[in-house]
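Note sheet for the following structure.
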Amino acid sequence: MNRKETTAVLVRKRANGFLTEFLLVLLVLLSSSFLNAFLYACSPFEDGRILEVVYSENMAFTIETGLLYFSIMASGVTLLFSCFLYFLLRPSGLSPAYGKGGKNILSLFILSLFGLLAHVVLMTILSGFGISPLFSSFVVSFICSFYYYLLYKLYMEERTFSNNLFWEVFRFAIVGLVAAVFDFSVCYLVQFQAFSGNQAVYVTILATACGFLVGVVINYLMSTFMVYKNAKTNTSKTGKGMVIFFLLSIVGLLIGIGIQAFLYDFLFLQKEIHFLSYPVDFVIRTLIVMVYNYVTRKVFIYR
């Protein structure tokens, strides 16, 4: 059996019609969102204390600890409740494929943890803009519950083997998200903890480079064994492929350093354009480099 035939066997088609799947998923999304809104209305987490987090030089973000505790609790409820309903209802009509030794369910669980983190971060950001926590809990739960359904389809319906553009881009976006979390964490620790108060350009360069080194390793492993799992060539798993991956990533690093230095050190610190705070600059830089990474890796490695 050739590669093309193998792919056709592995990628399963939905048993239910599109409308049926859509309505069942919408039912889960709304149920999860209303449950979270109800939980917030009954939330006991109100202690009035404020937590301050530095996110740029001389700038800090504040959040009520009660809301933070609720966000952590609500993220877990959203995950458990949503996944329970997806496994129970099976919107597409397909039985879950747990994989050999339960590897699919393990992958689903690990990537779901980043959904928990996203839930907390989004709740924190929305509250910082003065949006009602009740409304925020509904919207954030809706978004995260949909993310969990995409993960459910990715692993329980084995869309990791699909060459469909949507699933390939989604897999790439997940890898980018995971790598970005580690990248940002390392950058933040170097920039605002190890070199706290130091506004020299070399600090930004060092922080960006350190984040890159951690992110690129995670990116390579996940890109090779998850994003382009069904690539037609095995170039990525060869010495040549690793070298090409690293060289392309170095170019991406230089692009990232240039963007970060321009936005943060020049526009934010020198020109005092306060909108371009460190997290905003990081997001802009990450999105631009992510597009570069996807195109170059698709062309030169994962053909």
Within a reach of under 6.0 Å around CZ of Phe166, are more than 12 heavy atoms found that belong to other residues, nucleotides or ligands? yes
Hey, can you tell me if Phe246 and Phe212 have their rings parallel, tilted or perpendicular (30° and 60° cut-offs)? tilted
For the pair Phe184 and Tyr278, name the ring-plane relationship: parallel under 30°, tilted 30 to 60°, perpendicular over 60°. tilted
The reported gap from OG in Ser137 to CG in Leu39 (rounded to nearest 0.5 angstrom) is 8.5 Å
Value for CE (Met123) from OG (Ser71), rounded to nearest 0.5 Å, stands at 4.0 Å
Rounded to the nearest 0.5 angstrom, the CG-CG distance for Leu108 and Leu79 is 8.0 Å
Checking Ser162 against Glu168: is there a side-chain donor and acceptor pair closer than 3.5 Å? no
Measure the shortest side-chain to side-chain distance between Leu154 and Ile174 over non-hydrogen atoms and say whether it is less than 4.5 angstrom. yes
Atom CZ of Phe87 with >12 non-hydrogen neighbours under 6.0 angstrom: yes
Considering all heavy atoms, the nearest Tyr149-Pro91 contact: OH-CB, 3.5 Å
Test your reading of the model: is there a side-chain donor-acceptor pair from Thr124 to the backbone of Val120, 3.5 Å cut-off? yes
Using modelled atom types and a 3.5 Å cut-off, is there a donor and acceptor pairing between side-chain atoms of Tyr155 and backbone atoms of Lys103? no
Measuring from atom OG of Ser141 to atom CZ of Phe34, what distance do you get when rounded to the nearest 0.5 angstrom? 10.5 Å
Residue Tyr292 excluded, over 12 heavy atoms near OH under 6.0 Å: yes
